[in-house]
Amino acid sequence: MEGRDLSGEFIRDFGKLESLLEERGEMLEIEKSNKGLKSLVKELEGSGDRLVKKYKKKLDRIINIRNLIVHSNQDLEVVPTEGCMSQLREIIEVFAKRYTAEDIMTRNVEKRKLSHPIREIIKVMGEHDYSQIPIVDQSERVIGLVTESSIINWLSEKTDEHLVDLDAKVSEVGYVKEEEGIYQFIPRGLELEAIRDRFLERYRVSSAPLFVLLVTHSGKPSEKLLGIITAEDVFLKPESKGGL
């Protein structure tokens with residue numbers, strides 16, 4: 001379009017992206033240094049920000065284009081293409097999205113019933129480095145968690161026995177219920193900021209940490225389990241993603 005200031009549009013839109021990235025840095029207590037936005041992106045990537053890692057190459061390219069535009073002169077003016085403009089706006093839309101429980105939860109959760117033997121629980125925990133396994137009823141509704149502590153407490157009661165029966169059922173070993181406070185139910189549409197607050201508030205008011213948030217359609221325990229969220233999922237450490 002004749003007379004359209006693509007460079008000016010690019011710089012204005014780039015400012016929106018810059019603000020969004022700075023917000024992500026603030027959430028992880030990473031401040032933008034004098035080295036500029038590229039340094040912030042690198043630190044976000046190193047901190048485990050999954051979205052930044054996914055779009056790192058595109059972010060670097062857009063930052064490079066911005067720098068060329070800002071530092072160009074009358075003899076060599078740099079003007080972004082329509083393709084560059086589209087890519088910038090696409091990334092802004094991605095980073096502006098309000099993430100919810102559904103976006104960050106672990107799906108296909110390993111879960112068991114009261115009739116399952118404890119040896120199976122221990123095997124799953126060992127293979128996946130889980131700290132707890134949800135226990136569900138016949139309708140796939142969570143009734144509690146078998147935790148490492150549950151198993152240790154059960155074993156401690158068996159110290160005088162020569163053999164421990166690992167075929168003992170979950171119902172015999174015991175499990176943690178909701179009222180004991182190590183998990184809470186949340187709706188699938190709960191936003192990331194509110195999810196973070198759940199963990200932080202729990203750590204502030206109790207010495208017993210909130211291990212997991214259990215996601216159901218509207219946050220009711222009577223509904224089928226859709227997924228699990230751990231502190232690692234919330235605070236963007238993807239190396240722990242999938243584990244409990």
Side-chain angles (χ1 to χ4, degrees), residues 16-17 19-30 44-45 47-55 90-112 125 128-137 139-149 175-244:
K16 298 175 186 176
L17 176 61
S19 295
L20 291 168
L21 290 170
E22 287 174 354
E23 285 178 14
R24 296 179 82 83
E26 288 171 6
M27 287 190 295
L28 294 173
E29 298 184 348
I30 299 171
L44 285 168
E45 180 189 30
S47 74
D49 188 316
R50 285 173 285 181
L51 203 59
V52 169
K53 288 185 76 170
K54 181 177 179 179
Y55 287 92
E90 172 194 332
I91 291 182
I92 289 171
E93 185 176 344
V94 167
F95 280 87
K97 184 179 186 294
R98 307 298 291 181
Y99 284 87
T100 65
E102 268 192 312
D103 295 312
I104 65 171
M105 69 185 184
T106 297
R107 302 168 187 267
N108 302 318
V109 179
E110 289 280 358
K111 48 192 182 292
R112 295 295 185 271
M125 284 182 167
H128 299 283
D129 195 27
Y130 291 171
S131 298
Q132 55 268 318
I133 299 288
I135 304 303
V136 297
D137 62 14
S139 300
E140 295 292 306
R141 295 174 297 191
V142 176
I143 58 176
L145 299 180
V146 171
T147 66
E148 291 174 337
S149 296
Y175 55 95
V176 180
K177 298 180 181 179
E178 183 184 6
E179 55 265 28
E180 295 180 54
I182 71 164
Y183 66 93
Q184 294 177 8
F185 290 91
I186 61 170
R188 64 180 185 172
L190 192 66
E191 292 191 347
L192 181 58
E193 291 79 3
I195 293 170
R196 270 199 200 94
D197 288 343
R198 293 284 184 108
F199 282 97
L200 294 173
E201 182 62 26
R202 179 65 181 172
Y203 293 139
R204 279 195 293 266
V205 303
S206 175
S207 58
L210 171 64
F211 285 131
V212 292
L213 294 173
L214 305 180
V215 184
T216 62
H217 179 77
S218 57
K220 297 177 181 178
S222 58
E223 297 171 327
K224 183 179 177 180
L225 180 66
L226 300 178
I228 278 185
I229 296 175
T230 69
E232 286 82 5
D233 297 322
V234 172
F235 294 102
L236 305 172
K237 294 182 178 177
E239 63 274 12
S240 299
K241 185 83 171 86
L244 297 175

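Positions are given from 1 along the sequence.
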So which atom in Arg141 and which in Pro221 form the shortest heavy-atom distance, rounded to 0.1 Å? CB-O, 3.9 Å
Would you give the length of the straight line joining atom CG of Leu20 to atom CD of Glu22, rounded to the nearest 0.5 angstrom? 9.5 Å
Determine whether Tyr183 and Leu213 make a side-chain contact, defined as any pair of heavy atoms from C-beta on separated by less than 4.5 Å. no
Interatomic distance, CD1@Ile143 vs OH@Tyr175, rounded to 0.5 Å, equals 4.0 Å
With the threshold set at 4.0 Å, does a side-chain nitrogen-carboxylate oxygen contact exist between Glu191 and Arg98? yes
Should the pair Glu140-Lys224 be classified as a salt bridge under the 4.0 Å nitrogen-to-oxygen rule? no
So OG of Ser218 and CG of Leu190: to nearest 0.5 Å the spacing works out to 12.0 Å
Atom CG of Leu145 and atom NZ of Lys111: how far apart are they, to the nearest 0.5 Å? 13.0 Å
Determine yes or no for a side-chain-to-main-chain donor-acceptor pair under 3.5 angstrom, with Arg112 supplying the side chain and Val146 the backbone. no
Evaluate whether atom NZ of Lys97 has more than 12 neighbouring non-hydrogen atoms of other residues, nucleotides or ligands under 6.0 angstrom away. yes
So which heavy atom on Gln132 is nearest to which on Val212, and how close? NE2-CG1, 3.6 Å
With side chain to side chain contact (heavy atoms under 4.5 Å, CB included) as the test, would you mind laying out the steps for Leu192 and Thr100 before giving the verdict? CA-CA 5 Å; Leu192 181 58; Thr100 65; over 6 Å; no
Pairwise side-chain contact, Ile228 with Met105, heavy-atom cut-off 4.5 Å (strictly under): no
Could you check whether any side-chain N or O of Glu180 sits under 3.5 Å from a backbone N or O of Lys177, counting only pairs where one atom can act as donor and the other as acceptor? yes
Less than 4.5 Å apart, side chain to side chain, heavy atoms only: is that true for Ile91 and Leu17? yes
Nearest 0.5 Å, please: how far is CD1 in Ile182 from CD in Gln184? 11.0 Å
Could you go through Ile229 and Ile104, starting from their C-alpha distance and side-chain angles, then the distance that decides it, and tell me whether this counts as side chain to side chain contact (heavy atoms under 4.5 Å, CB included)? CA-CA 7 Å; Ile229 296 175; Ile104 65 171; 3.9 Å; yes
As a quick check of understanding, evaluate side chain to side chain contact (heavy atoms under 4.5 Å, CB included) for Ile195 and Asp197, giving each step before the final call. CA-CA 5 Å; Ile195 293 170; Asp197 288 343; over 6 Å; no
First locate atom CD of Glu102, then atom CZ of Arg107, and finally report the distance between them rounded to the nearest 0.5 Å. 5.5 Å
Using the rule given for side chain to side chain contact (heavy atoms under 4.5 Å, CB included), can you reason through Thr106 versus Asp233, listing the C-alpha separation, both sets of side-chain angles and the distance that settles it, and then say yes or no? CA-CA 8 Å; Thr106 297; Asp233 297 322; 3.8 Å; yes
Over all heavy atoms of both residues, which pair between Arg188 and Val215 is shortest? Give the atoms and the distance, please. CA-CG1, 3.5 Å
Quick check: do Phe95 and Lys16 have side-chain heavy atoms less than 4.5 Å from each other? no
Looking only at heavy atoms, what is the nearest atom pair of Leu225 and Gly227, with distance? CD1-O, 3.3 Å
Quick one: closest heavy-atom pair of Val52 and Glu45, and the distance? CG1-N, 3.9 Å
Closest non-hydrogen atom pair between His217 and Leu226, with its separation: N-CD1, 3.6 Å
4.5 Å side-chain heavy-atom contact, Phe185 and Lys220: no
Test side chain to side chain donor-acceptor pair (under 3.5 Å) applied to Glu223 and Thr216, step by step: CA-CA 6 Å; Glu223 297 171 327; Thr216 62; 3.1 Å; yes
